[in-house]
Amino acid sequence: MSEWAGRTVLVTGGTRGIGRASAAAFANVGAQVALCGRTKETAEEAANIIAESTGAIVNGFACDMADRHAVDALVKGVEETFGPIYALVNNAGITRDGLILRMKDEDWDAVIAANLSGAFYCCRAAARAMLKQRTGRIINISSIIGLHGQAGQSNYAAAKAGLIGFTKSLAQEFASRNVTANIVAPGYIETDMTSEFSETQREAALDRIPMNRAGSSEDVARAVLFLASDAAAYITGHTLTVDGGLAM
Ligand code: NDP
């Protein structure tokens, strides 16, 4: 029997890109999957497509990760539908780029709220059951920009670097209860988030990647699935870059 039979996974921001590929990867191995996006329509549409292609049970929930009450309701709803969450993937994220002197307060706040505070709300809500059950997996999606910074993305870099310190702290708090917390830090992945790159920006990015190609959402999803699997039972507080060698 698959190690995933009867296990529940929640992927935030599962309607597109890396989150959707991660939700599909868990569905493929037999987990029951909950995913969320900001609207019920997009979440249910993504959930139905994954359910149809994998035969797994996949539910879509509406939740704005920047809203702490909505996140509490999301976790409650998933637990009521499926039981305790075994693996939580905090993937939802946005960018609002701008050079620091021109950065608006609302762009700073929105990026910190969606990328960092949302992960905090969700970990706090889902960890209660994990700690009680003495088992669980948390995977937070950061970025190589959280490791190295990026001109024009100080808000995003701060949120993604914050996620790394946050996750290492959780790893230390939860280790004795057999709950692991790890980080996946993607490089340049082809999704809606990077689709606005100009051809020049794209070529410049590819030039810096030793493997000379952009990653796919599935490249990242495989790393997420690994860190959530039994094979990664003794790995916690780790940052796994998935970047074709870009950040080494
Ligand atoms: P996409 O823009 O393709 O997808 C973003 C996902 O997040 C969507 O499902 C969107 O759902 C959801 N989302 C955004 N804001 C919220 C919110 N406030 N509440 C709930 N859901 C939200 O992004 P990617 O797949 O490219 O990125 C996924 C993660 O990976 C992000 O955290 C990103 O920072 C990170 N990353 C991406 C890289 C890349 O090169 N693409 C590189 C490094 C890290 P909806 O719109 O339906 O609400």
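The chain is numbered in sequence order, starting from 1. Remember, it's 1-based here, ligands and their atoms both numbered in the order they're listed.
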#### Entry: salt bridge (Lys or Arg N to Asp or Glu O under 4.0 Å) evaluation trace for R16 with D192
CA-CA 8 Å; R16 294 180 274 125; D192 289 351; 3.0 Å; yes

### Summary
Closest heavy-atom approach to atom 38 (C) of ligand 1 among S143, G187, C36 is made by G187

### Task
Quick one: look up the protein heavy atom nearest atom 5 (C) of ligand 1 and list residue, atom name and how far away it is.
G93 O, 3.8 Å

### Query
Heavy-atom distance under 4.5 Å between the side chains of F174 and T180, does that happen here?
no

### Task
May I ask which of S22, G13, C63, A70 has a heavy atom nearer to atom 20 (C) of ligand 1 than the others do?
C63

### Task
Check each of I50, L10, T42, V9 against L35 using the side chain to side chain contact (heavy atoms under 4.5 Å, CB included) test, and report the only one that passes.
I50

### Message
Is E190 close enough to touch ligand 1? Criterion: a residue heavy atom under 4.0 Å from a ligand atom.
### Response
no

### Message
Among V11, N90, T15, which one puts a heavy atom closest to atom 45 (P) of ligand 1?
### Response
T15

### Query
Between K160 and ligand 1, which part of the residue brings a heavy atom under 4.0 Å of the ligand: side chain, backbone, both or neither?
side chain

### Message
As a check for students: among A110, A92, G14, identify the option with a heavy atom nearest to atom 21 (N) of ligand 1.
### Response
A92

### Message
Quick check on T194 - does any of its heavy atoms sit under 4.0 Å from an atom of ligand 1?
### Response
yes

#### Entry: 4.5 Å side-chain heavy-atom contact, L240 and I183
no

### Task
Could you check atom 40 (O) of ligand 1 against the protein and tell me its nearest heavy-atom contact, residue, atom and distance included?
I189 N, 2.8 Å

### Message
Quiz question: by atom type and distance under 3.5 Å, do the side chains of T167 and N140 form a donor-acceptor pair?
### Response
yes

### Message
Is there a salt bridge (Lys or Arg N to Asp or Glu O under 4.0 Å) between R222 and E218? Walk through the geometry before answering.
### Response
CA-CA 6 Å; R222 281 188 284 272; E218 288 71 26; over 6 Å; no

### Task
Pick one of side chain, backbone, both or neither for how T191 approaches ligand 1, counting any non-hydrogen atom pair under 4.0 Å.
side chain

### Task
Run the numbers for me: atoms of ligand 1, each under 4.0 Å from some heavy atom of D192, listed by number.
3 (O)

### Query
Just checking, any donor-acceptor pair under 3.5 angstrom between side chains of S216 and D219?
yes

## Note on the structure
One should read off an interatomic distance between R134 CZ and S176 OG, to the nearest 0.5 angstrom, of 7.0 Å

### Query
Are the side chains of T12 and C122 in touch, meaning some heavy atoms are under 4.5 Å apart?
yes

### Task
State the atoms of ligand 1, each with its element, that fall below the 4.0 Å cut-off from a heavy-atom position in Y156.
33 (C), 34 (O), 35 (C), 36 (N), 43 (C), 44 (C)

### Query
Does NZ or CZ of R202 lie under 6.0 Å from the centre of the six-membered ring of F197, at an angle within 45° of the ring axis?
no

### Task
Taking only heavy atoms of T42 into account, list the atoms of ligand 1 that are under 4.0 Å away from them.
47 (O)

### Task
Tell me, please: is G215 in heavy-atom contact with ligand 1, that is, under 4.0 Å?
no

### Task
Could you check atom 43 (C) of ligand 1 against the protein and tell me its nearest heavy-atom contact, residue, atom and distance included?
P186 O, 3.4 Å

### Query
Which atoms from ligand 1 have a heavy atom of I94 less than 4.0 Å away?
14 (C), 15 (N)

### Task
Tell me which part of S142 gets within contact of ligand 1: side chain, backbone, both or neither, using heavy atoms under 4.0 Å.
backbone

### Query
Is there side-chain contact between C123 and L88, with at least one heavy-atom pair below 4.5 Å?
yes

### Query
Which one of D64, N91, I18 has a non-hydrogen atom at the shortest distance from atom 32 (O) of ligand 1?
N91

### Query
Can you find a heavy atom in the side chain of I85 that is under 4.5 Å from one in the side chain of V75?
yes

### Task
Please could you name the atoms of ligand 1 that R16 approaches to less than 4.0 Å, counting only its heavy atoms?
1 (P), 2 (O), 3 (O), 4 (O), 8 (C), 9 (O), 10 (C), 11 (O), 45 (P), 46 (O)

#### Entry: Enumerated ligand 1 atoms positioned under 4.0 Å from heavy atoms of M65
17 (C), 18 (N), 19 (N), 20 (C)

